[in-house]
Amino acid sequence: MSKDGAVSPSVSSSTIVPEVLISENKSLNGARPANLDPLQAYLSRRKEEVDRLLQSYLPRASCEPALIHEAVRYSLFAGGKRLRPILCIAACEAVGGNVETALPFAAAIELMHTYSLVHDDLPAMDNDTYRRGKLTNHKVFGESTAILAGDALLTSTFTLLAEKGLAGSLSPRRVLSVILELGAACGSTGMVGGQLLDIESQGGEEINLEKLAKIHSLKTGALFRASIRIGGILGSAGPKKLTALTRFGEKAGLAFQIADDILDVEGDEALMGKSVGQDQSKEKWTYPGFLGLERSKKEANIHIQDAVAALEGFGPEAGPLRQIAAYMVDRKK
Ligand code: GRG
């Protein structure tokens, strides 16, 4: 793939977990819901590493055809939290793997995620105006370019995985298992299938909470779960640890989605960078819709406690992962 004057990546070689991130907290078994500062430092360092790699990998905005590269970069660098790649890296660290191994694969996950957001915002899907604090891709570049920008992001996911897989020292088998994990999570039996069920459920069909949980687990949960499992696979996790990470991913992913539903009711638009109240105006099924706000918050916290409990057999290296779990429901955006 042409990199058109790409800048070479410079990745922090530090794989040391900040001490402050691994201090234990009894109530959440290591997760610290209130004081997020040290966690913020971890999140912002990992985000920078992911961004640097993505900047160096993608063709520049001036690369022909310039419009597509401009559109891709517009959404990719619009200010996403990079939560899925960071979870991937933290999961890799949690099983004793290192950051450099996970980084390119984690960055590929962000390409996949951004594609899903660009397509989700399209008029034929959610028809949204704002995303990541900016106008949505189709509002700026037009619908056909936005569709193609999503397609390019999706395709680049796999070229990045293959290119970095070929260049690194991982076995082809391990690289292929990562590609399989991500592809399966995002295809018709994962994210795409969940998106279809979500669209169907807005057509007046009555659904129950169980069906809502199923939609969430496919539409948003599958990519969270895969991100965390991929980190485990890259860190050479054995079957027991991989099973624990899978449970962590499922529980944390569901809690994230419940928190997202709650933020849509009581979040701050300026902080979130998108309009709130969208679920209600589009008559979407949500956790607060079924349970009310207070019970939804309790439910999200229970899932996070379960997620953290799944990491019981892990050592201090799993500190960041535990704390990111708490952040997933405490976040303001
Ligand atoms: C179009 C195939 C296809 C799938 C779309 C992921 C998805 C499926 C739709 C997103 C709809 C949505 C906004 C769901 C709420 C949860 C969610 C994915 C929020 C956005 O993720 P964040 O908060 O966003 O991690 P940033 O911008 O920080 O990356």
Side-chain angles (χ1 to χ4, degrees), residues 43-44 46-47 50-51 54 74-88 106-107 109-134 136-138 143 146-147 149-151 153-155 157 182-202 212-213 215-228 252-265 267-268 271-279 282 284-288 300 324 327-333:
L43 294 175
S44 81
R46 293 287 172 250
K47 177 172 152 51
V50 170
D51 283 353
L54 288 170
Y74 174 83
S75 288
L76 192 60
F77 298 111
K81 297 182 288 297
R82 311 308 194 216
L83 198 46
R84 294 150 190 82
I86 295 172
L87 281 164
C88 173
I109 292 170
E110 186 64 24
L111 293 173
M112 175 71 85
H113 169 58
T114 306
Y115 129 74
S116 79
L117 298 181
V118 170
H119 278 194
D120 183 66
D121 290 336
L122 288 167
M125 303 262 179
D126 249 15
N127 195 17
D128 276 314
T129 306
Y130 293 101
R131 167 75 64 188
R132 293 179 163 173
K134 294 167 82 172
T136 44
N137 199 294
H138 65 274
E143 206 175 331
I147 292 170
D151 292 341
L153 283 158
L154 172 56
T155 316
T157 304
L182 188 58
C186 297
S188 57
T189 54
M191 182 170 72
V192 166
Q195 178 77 349
L196 182 101
L197 292 178
D198 190 31
I199 291 168
E200 274 183 354
S201 78
Q202 290 166 53
L212 180 67
I215 293 172
H216 284 340
S217 88
L218 294 175
K219 191 178 125 179
T220 47
L223 185 53
F224 273 112
R225 179 181 182 269
S227 303
I228 290 154
L254 184 52
F256 173 92
Q257 182 62 61
I258 299 173
D260 210 77
D261 286 357
I262 294 168
L263 280 172
D264 190 68
V265 178
D268 179 329
L271 284 177
M272 289 169 64
K274 61 177 186 179
S275 320
V276 298
Q278 291 294 300
D279 293 337
K282 290 172 185 161
K284 286 199 176 195
W285 299 99
T286 63
Y287 269 78
I324 295 168
Y327 163 77
M328 284 168 78
V329 290
D330 275 346
R331 68 201 163 93
K332 303 284 174 259
K333 62 176 191 171

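In this chain, numbering begins with 1 at the start of the sequence shown. Ligands are counted one by one from 1 in listed order, and the atoms in each one are counted from 1 as well. Please read all numbers here as calculations on a predicted model, not as lab measurements.
Taking the side-chain contact (heavy atoms from CB on, under 4.5 Å) definition, one finds that Thr155 meets it with nothing, sequence neighbours left out. In this structure, His113 has no ring pair (Phe, Tyr, Trp, His ring centres under 6.0 Å) partners at least two apart in sequence or on a different chain. Taking Asp51 as the reference, Lys47, Arg82 meet the salt bridge (charged side-chain N to carboxylate O under 4.0 Å, His left out) condition, with sequence neighbours excluded.
No more than 12 heavy-atom neighbours from other residues, nucleotides or ligands sit within 6.0 angstrom of NZ on Lys333.
Between Val50 and Ala107, the shortest heavy-atom contact is CG1-CA, 4.2 Å.
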Between ligand 1 and the protein, tabulate every N or O atom pair separated by less than 3.5 Å, reporting distance only.
| from | atom 1 | to | atom 2 | distance (Å) |
| --- | --- | --- | --- | --- |
| ligand 1 | 21 (O) | Arg84 | NH2 | 3.1 |
| ligand 1 | 23 (O) | Lys81 | NZ | 2.6 |
| ligand 1 | 25 (O) | Arg84 | NH1 | 2.7 |
| ligand 1 | 25 (O) | Arg84 | NH2 | 3.4 |
| ligand 1 | 27 (O) | Arg132 | NE | 2.7 |
| ligand 1 | 28 (O) | Lys81 | N | 2.9 |
| ligand 1 | 28 (O) | Lys81 | NZ | 2.8 |
| ligand 1 | 29 (O) | His113 | NE2 | 2.8 |
| ligand 1 | 29 (O) | Arg132 | NH2 | 2.7 |

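At a threshold of 4.0 Å, the pair Lys284-Asp126 counts as salt-bridged, since one of the basic side-chain nitrogens sits closer than that to a carboxylate oxygen.
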